[in-house]
Amino acid sequence: HLIISRLQLDQPVLDGEAETTVNRGIWRLPRTATPGLGSNTVLVGHRFTYTGPSVFYNLDKVQANDDVVLVYNKIIYVFRVDSVQTVEPTDLNVEAPTTQEKLTIYTCTPLGSVRYRLVINSHLEKSQ
């Protein structure tokens, strides 16, 4: 589960190889780390679909220093948001492996457009 208190968001995180998995909610990109491996876990989701608002509709409301909680394999990981940025869709550096435990969340922006990616970068504060 991904929990972002500021957004009142509590949604399951889906694993799967097929790109269409993102159409069902929050998708952990399969070529990125899982939490606890000391690298970059990348989650993606839609803001808006043809049927209306989706899981990351309000992701632009997240701010630096917000806590983001990821529950994965019964372990609670608390991440602290370092930055919120906008990048080109071709900038895949946000998905790159890291040597520190990191959580990257991204979606399309501005709302209703696929022109850019809104990226939330956060580091691990604690796990239990």
Are Phe79 and Leu7 in one and the same hydrophobic cluster, where Ile, Leu, Val, Met, Phe, Trp and Tyr link if side-chain heavy atoms are under 4.5 Å apart? yes
With side-chain contact (heavy atoms from CB on, under 4.5 Å) as the criterion, how do Tyr77 and Leu124 come out once you've worked through the C-alpha distance, each side chain's angles and the decisive distance to 0.1 Å? CA-CA 7 Å; Tyr77 298 89; Leu124 183 65; 4.0 Å; yes
Using side-chain contact (heavy atoms from CB on, under 4.5 Å), reason through Thr109 and Thr86 one step at a time and then give a plain yes or no. CA-CA 8 Å; Thr109 201; Thr86 301; 4.0 Å; yes
Look only at the side chain of Asn40 and the backbone of Val94, and say whether a donor-acceptor pair between them is shorter than 3.5 Å. yes
In short, salt bridge (charged side-chain N to carboxylate O under 4.0 Å, His left out) pairs touching residues 91-103 with sequence neighbours left out are Arg31-Glu95
Nearest atoms (heavy-atom pairs only) where Leu2 meets Val68: CD1-CG1, 3.5 Å
With rounding to the nearest 0.5 angstrom, report the CZ to CG distance, Arg47 to Leu59. 7.0 Å
Does any N or O in the side chain of Ser54 come within less than 3.5 Å of the main-chain N or O of Phe56, such that one atom is a donor and the other an acceptor? no
State plainly whether one hydrophobic cluster holds both Ile3 and Val78, where clusters connect Ile, Leu, Val, Met, Phe, Trp and Tyr through side-chain heavy atoms under 4.5 angstrom apart. yes
Can you tell me if Thr107 and Arg117 form a side-chain donor-acceptor pair at under 3.5 Å? no
Leu9 CG to His1 NE2 distance, which is reported to the nearest 0.5 Å: 9.5 Å
Do Val81 and Val55 share a hydrophobic cluster (ILVMFWY, side-chain heavy atoms under 4.5 Å, transitive)? yes
Gln63 vs Val84 side-chain heavy atoms within contact, under 4.5 Å: no
Which heavy-atom pair separates Arg80 from Asn65 by the least distance, and what is that distance? CD-O, 3.0 Å
Value for CG (Leu70) from CG (Asn73), rounded to nearest 0.5 Å, stands at 10.0 Å
Quick check: is Leu103 connected to Tyr72 through a chain of hydrophobic side chains (ILVMFWY, heavy atoms under 4.5 Å apart)? yes
I want to check something: taking the side chain as every heavy atom from C-beta on, are Val119 and Ile105 in contact at a cut-off of under 4.5 Å? no
What side-chain donor-acceptor pairs closer than 3.5 Å can you find for residues 21-28, not counting sequence neighbours?
{"from": "Thr21", "atom 1": "OG1", "to": "Ala18", "atom 2": "O", "distance (Å)": "2.7"}
{"from": "Asn23", "atom 1": "OD1", "to": "His46", "atom 2": "NE2", "distance (Å)": "2.9"}
{"from": "Trp27", "atom 1": "NE1", "to": "Gly16", "atom 2": "O", "distance (Å)": "2.8"}
{"from": "Arg28", "atom 1": "NE", "to": "Asp15", "atom 2": "OD1", "distance (Å)": "2.7"}
{"from": "Arg28", "atom 1": "NH1", "to": "Thr32", "atom 2": "O", "distance (Å)": "2.8"}
{"from": "Arg28", "atom 1": "NH2", "to": "Asp15", "atom 2": "OD1", "distance (Å)": "3.2"}

Would you give the length of the straight line joining atom CD of Gln8 to atom CG of Asn58, rounded to the nearest 0.5 angstrom? 9.5 Å
Return yes when atom CD of Glu19 has more than 12 non-hydrogen atoms of other residues, nucleotides or ligands closer than 6.0 Å, and no otherwise. no
Answer with yes or no whether the hydrophobic clustering places Tyr106 together with Val13; edges join I, L, V, M, F, W, Y residues whose side-chain heavy atoms lie under 4.5 Å apart. no
Does Phe48 sit in a hydrophobic cluster with other residues, and if so which ones, taking ILVMFWY side chains as linked at heavy-atom separations under 4.5 Å, directly or through other members? Tyr57, Leu111
For residues Pro89 and Leu92, report the shortest heavy-atom separation together with the two atoms involved. O-CD2, 4.1 Å
Sidechain N-carboxylate O distance under 4.0 Å for Arg6, Asp67: no
Taking every non-hydrogen atom, the tightest pair across Ile75 and Gln128: CG2-O, 3.4 Å
Check whether Ser39 reaches the backbone of Thr98 with its side chain - one donor and one acceptor, N or O, closer than 3.5 Å. yes
For Ser122 and Asp82, indicate whether the former's side chain and the latter's backbone hold a donor-acceptor pair under 3.5 Å. no
